[in-house]
Number of protein chains: 2
Amino acid sequence: MLIKRLAIIGVGLIGGSLARALRRAKACGKVIGCGRNKTHLQKAVDLGVIDEFHLDVARAVKDADVVVLATPLATTESLLMAMQGCLKDDVVITDVGSAKGSVVSAARKALDHHLSRFVPGHPIAGTERNGVEASFAGLFEAHRVILTPLPETTASALNLITKMWETTGAEVVHLKVEQHDEILAATSHLPHMLAYALVDCLAGMQDRDEIFNFAAGGFADFTRIASSHPQMWHDICFSNRKQLLKALDRFDSHLNTIRSAIKNDDSDALLELFARAKEARDKFTDQRGKRNNDSTE
Amino acid sequence: MLIKRLAIIGVGLIGGSLARALRRAKACGKVIGCGRNKTHLQKAVDLGVIDEFHLDVARAVKDADVVVLATPLATTESLLMAMQGCLKDDVVITDVGSAKGSVVSAARKALDHHLSRFVPGHPIAGTERNGVEASFAGLFEAHRVILTPLPETTASALNLITKMWETTGAEVVHLKVEQHDEILAATSHLPHMLAYALVDCLAGMQDRDEIFNFAAGGFADFTRIASSHPQMWHDICFSNRKQLLKALDRFDSHLNTIRSAIKNDDSDALLELFARAKEARDKFTDQRGKRNNDSTE
């Protein structure tokens with residue numbers, strides 16, 4: 001068995017789906033949940049996602065072989081601090097946060113000799129729904145999981161977490177912390193900002209109800225991610241602030257190219273940008289199609 | 001029979017789907033196609049979408065009871081001009097353009113006494129795919145079609161086009177030209193600009209292939225519309241330029257609120273905007289869900 005005793009701190013969509021996937025693969029023994037809300041945790045027990053729970057993180061991680069932090073980014077440092085004294089020597093700790101630079105800083109502050117047992121991680125999967133009720137064992141199948149090991153991380157810790165994610169059906173990739181944060185700012189954090197800003201922009205217009213009534217399928221797809229969890233995204237913004245601000249600036253200059261072309265009747269510039277974007281998007285669709293086909297073979 | 005002889009100028013996704021829907025409902029007799037590409041038009045005949053075709057628009061509209069313009073917006077004026085002398089007195093002309101102000105100007109310039117037989121229209125439906133091969137009879141079901149009649153438009157012309165669209169399963173709404181253009185700028189044209197700008201922004205980064213490989217489902221949904229037809233969107237931008245520039249400015253101020261909040265550590269402002277947007281988006285999903293349920297009953 002890969003993990004005898006697994007502690008999941010934060011039993012929501014991601015934490016819950018991970019527990020379900022590992023259970024389905026018979027890759028873990030006892031699963032201990034931890035969180036702040038007793039009702040939610042009891043729900044997770046009732047759903048068979050976890051075996052038992054503690055509200056106190058120190059008790060939850062006691063004797064655990066693997067500890068997974070699946071909580072909002074802002075809580076990382078205090079949680080690591082709180083569990084520090086109760087961890088087994090050979091425990092492996094990992095997290096699922098969408099920004100890695102801030103998590104690594106938190107770990108360096110909070111963890112002492114356990115730093116070598118810490119493997120920062122980020123599964124590129126999720127839906128706009130939240131909570132253990134939305135969790136399912138197949139969430140990570142054919143999705144990427146990025147691990148950003150520290151220079152201090154031991155090979156055995158990295159191997160265990162790599163295997164853990166592979167067991168869920170995910171494809172594991174190792175990246176540098178800065179690489180992760182730059183890429184995710186562009187492909188995930190920036191689009192979320194655009195979706196939030198767009199919906200807020202429309203909601204602020206006169207006749208807002210009428211306006212939403214005329215929105216077509218494209219709009220629904222485009223703004224789906226604006227239904228994501230506000231607190232979670234608030235934390236991500238501040239955790240990946242530097243890269244996100246850079247991405248916002250880059251985006252601005254491209255949107256300004258479009259605006260100027262429309263303003264100045266620059267037909268060629270507009271057509272060129274649209275054609276270039278369409279080509280890149282179509283290529284992305286092809287690659288994605290290929291990857292999804294490969295993964296089902 | 002609602003329409004004995006129907007001329008479709010531009011037999012692509014929209015024109016082709018309209019012909020298919022009316023045929024399915026046995027609401028039209030002969031369907032004449034018109035376009036610039038003989039191969040595409042022959043394909044439309046082979047697929048049973050149209051009965052015959054002409055490359056010359058004057059010949060295509062001869063004896064037609066209804067003429068539907070389903071061509072790029074930039075061609076509207078010259079096409080109306082070219083058909084002007086060959087139209088039956090009691091013909092009804094309509095179009096499917098995504099901007100209505102420019103279409104109305106074109107009609108006022110090109111159409112003489114037939115202006116009263118013109119009904120500007122816009123079905124809020126489509127996919128990012130193009131061409132008659134992508135057309136299907138159900139495209140307009142449970143979707144809205146906006147008609148923006150002129151003061152000169154006769155009731156009989158408006159009634160016929162309203163019935164035509166209702167026959168396809170669409171819900172027909174009448175709006176003023178300016179209302180249409182403001183609403184569509186916000187719900188459709190602006191999101192397309194954002195998707196194009198985002199994809200172009202990512203495609204311009206170093207390691208672009210790697211970056212697209214890390215994009216998750218949210219990104220795929222968000223940028224789907226960037227695969228739309230560049231020439232079509234080029235035309236829409238210039239046709240609805242005034243309202244689109246206004247919408248871009250409004251969007252900018254909301255994105256700037258987010259950027260400033262991140263820059264200035266204004267946790268409350270960020271959380272407030274995200275929560276407000278989520279609420280509006282969730283409400284939109286509920287309404288949409290209700291409407292779709294209603295329409296299938």
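Excluded from the calculations below are hydrogen atoms, water molecules and symmetry mates; all remaining heavy atoms, backbone and side chain alike, are included. Order of the sequence lines sets the chain letters (A, B, ...), proteins ahead of strands, with each chain counted from 1.
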*Asks:* Counting only heavy atoms closer than 4.5 Å, note whether B:Ile225 contacts chain A via side chain, backbone, both or neither.
*Replies:*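 Side chain of B:Ile225 only, per the 4.5 Å heavy-atom cut-off to chain A.
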*Asks:* Quick check for you: among B:Arg259, B:Glu279, B:Arg276, B:Lys263, which has the greatest number of heavy-atom pairs under 4.5 Å with chain A?
*Replies:*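 Most pairs with chain A among the choices: B:Arg259.
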*Asks:* Is any side-chain heavy atom of A:Pro191 closer than 4.5 Å to one of B:Leu198?
*Replies:*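 Yes, close enough: below the 4.5 Å cut-off.
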*Asks:* Indicate the ring-plane relationship of A:His192 and A:Trp233, choosing parallel, tilted or perpendicular according to the 30° and 60° boundaries.
*Replies:*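 Because their plane-to-plane angle is under 30°, the rings of A:His192 and A:Trp233 count as parallel.
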*Asks:* Please assess B:Lys100 against B:Val103 for the test side chain to side chain contact (heavy atoms under 4.5 Å, CB included), listing each intermediate value before the final yes or no.
*Replies:* CA-CA 5 Å; B:Lys100 301 268 57 89; B:Val103 166; 4.2 Å; yes
*Asks:* What part of B:Phe284 gets closer than 4.5 Å to chain A, counting heavy atoms only: side chain, backbone, both or neither?
*Replies:*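 Interface part for B:Phe284: side chain.
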*Asks:* What part of B:Ser228 is in contact with chain A, defined as an atom under 4.5 angstrom from a non-hydrogen atom: side chain, backbone, both or neither?
*Replies:*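 When you check distances to chain A, only backbone atoms of B:Ser228 fall under 4.5 Å.
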*Asks:* Considering only heavy atoms and a distance below 4.5 Å, find which of B:Met205, B:Gln231, B:Glu272 pairs most often with chain A.
*Replies:*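 Maximum pair count with chain A is reached by B:Met205.
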*Asks:* Using a cut-off of under 4.5 Å on heavy-atom pairs, state which of A:Thr257, A:Thr223, A:Leu190, A:Leu184 scores highest against chain B.
*Replies:*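 Among A:Thr257, A:Thr223, A:Leu190, A:Leu184, the one with the most close pairs to chain B is A:Thr223.
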*Asks:* Is B:Asp266 in contact with chain A via its backbone, its side chain, both, or neither, using a 4.5 Å heavy-atom distance?
*Replies:*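 For B:Asp266, the backbone is the part near chain A, not the side chain.
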*Asks:* Using non-hydrogen atoms and a 4.5 Å limit, figure out which bit of B:Ala261 sits close to chain A: side chain, backbone, both or neither.
*Replies:*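 Just its backbone gets close to chain A.
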*Asks:* When you compare the side chain of A:Arg281 with that of A:Lys278, does any pair of heavy atoms fall below 4.5 Å?
*Replies:*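 Side chain of A:Lys278 against side chain of A:Arg281, heavy atoms only: no contact under 4.5 Å found.
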*Asks:* For each of A:Val199, A:Val173, A:Thr187, A:Asp200, tally heavy-atom pairs with chain B at distances under 4.5 Å, and name the one with the top tally.
*Replies:*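 Ranked by heavy-atom pairs under 4.5 Å with chain B, first place is A:Asp200.
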*Asks:* At a heavy-atom separation under 4.5 Å, does B:Phe238 approach chain A through its side chain, its backbone, both, or neither?
*Replies:*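 Contact with chain A involves the side chain of B:Phe238 alone.
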*Asks:* Quick one: what part of B:Leu194 sits under 4.5 Å from any heavy atom of chain A, side chain, backbone, both or neither?
*Replies:*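 For B:Leu194, heavy atoms of backbone and side chain both lie under 4.5 Å from chain A.
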*Asks:* With chain B, which of A:Ala203, A:Ala226, A:Gly204 has the greatest number of heavy-atom pairs at distances under 4.5 Å?
*Replies:*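 Max contact count across the listed options: A:Ala226.
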*Asks:* Can you say whether B:Ser188 sits under 4.5 Å from chain A via the side chain, the backbone, both, or neither, judging by heavy atoms?
*Replies:*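 Contact with chain A is absent: no heavy atom of B:Ser188 under 4.5 Å.
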*Asks:* In terms of heavy-atom pairs under 4.5 Å, which option from A:Leu175, A:Leu270, A:Asn256, A:Asp265 contacts chain B the most?
*Replies:*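 Sorted descending by pairs with chain B, the first entry is A:Asp265.
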*Asks:* Under a 4.5 Å cutoff for heavy-atom pairs, which residue among B:Ile183, B:Ile262, B:Leu273 has the most contacts with chain A?
*Replies:*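 Winner by heavy-atom pair count: B:Ile262.
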*Asks:* Could I get the full list of side chain to side chain donor-acceptor pair (under 3.5 Å) partners for A:Lys283, not counting sequence neighbours?
*Replies:*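 Checked A:Lys283 against side chain to side chain donor-acceptor pair (under 3.5 Å); matches are B:Asp209.
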*Asks:* Out of A:Met193, A:Gln179, A:Lys242, return the one with the most heavy atom pairs under 4.5 angstrom to chain B.
*Replies:*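 The answer is A:Met193.
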*Asks:* Between B:Ser102 and B:Thr76, is a side chain to side chain contact (heavy atoms under 4.5 Å, CB included) present by the stated rule, with each step listed?
*Replies:* CA-CA 9 Å; B:Ser102 63; B:Thr76 308; over 6 Å; no
*Asks:* Does the side chain of A:Thr148 reach to within under 4.5 Å of the side chain of A:His122, using non-hydrogen atoms?
*Replies:*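 A side-chain contact under 4.5 Å is absent here.
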*Asks:* Taking the side chain as every heavy atom from C-beta outward, state whether A:His143 and A:Pro123 have any atom pair closer than 4.5 Å.
*Replies:*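 A side-chain contact under 4.5 Å is absent here.
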*Asks:* Heavy-atom cut-off 4.5 Å, strictly under: side chain, backbone, both or neither for A:Ile258 against chain B?
*Replies:*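 Side chain of A:Ile258 only, per the 4.5 Å heavy-atom cut-off to chain B.
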*Asks:* Just give me the residue among A:Asp249, A:Leu248, A:Thr285, A:Ile211 that pairs up with chain B most often, heavy atom to heavy atom, under 4.5 Å.
*Replies:*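 Between A:Asp249, A:Leu248, A:Thr285, A:Ile211, the count favours A:Leu248.
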*Asks:* Are B:Ile161 and B:Val172 close enough that some pair of their side-chain heavy atoms sits under 4.5 Å apart?
*Replies:*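 With C-beta onward as the side chain, the pair stays apart.
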*Asks:* Select, from B:Ala125, B:Ala280, B:Ser227, the one with the greatest count of heavy-atom pairs under 4.5 Å involving chain A.
*Replies:*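 Of B:Ala125, B:Ala280, B:Ser227, B:Ser227 has the most heavy-atom pairs under 4.5 Å with chain A.
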*Asks:* Given B:Asn240 and B:His189, is the side chain to side chain donor-acceptor pair (under 3.5 Å) satisfied, shown in steps?
*Replies:* CA-CA 9 Å; B:Asn240 200 22; B:His189 308 169; 3.1 Å; yes
*Asks:* What is the distance from atom CD of A:Gln243 to atom CD of A:Glu178, rounded to the nearest 0.5 Å?
*Replies:*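 If we round to the nearest 0.5 Å, A:Gln243:CD and A:Glu178:CD are 8.5 Å apart.
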*Asks:* Is B:Trp165 close to B:Leu18 at the side-chain level, that is, under 4.5 Å between some pair of heavy atoms?
*Replies:*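 Yes, side chains in contact.
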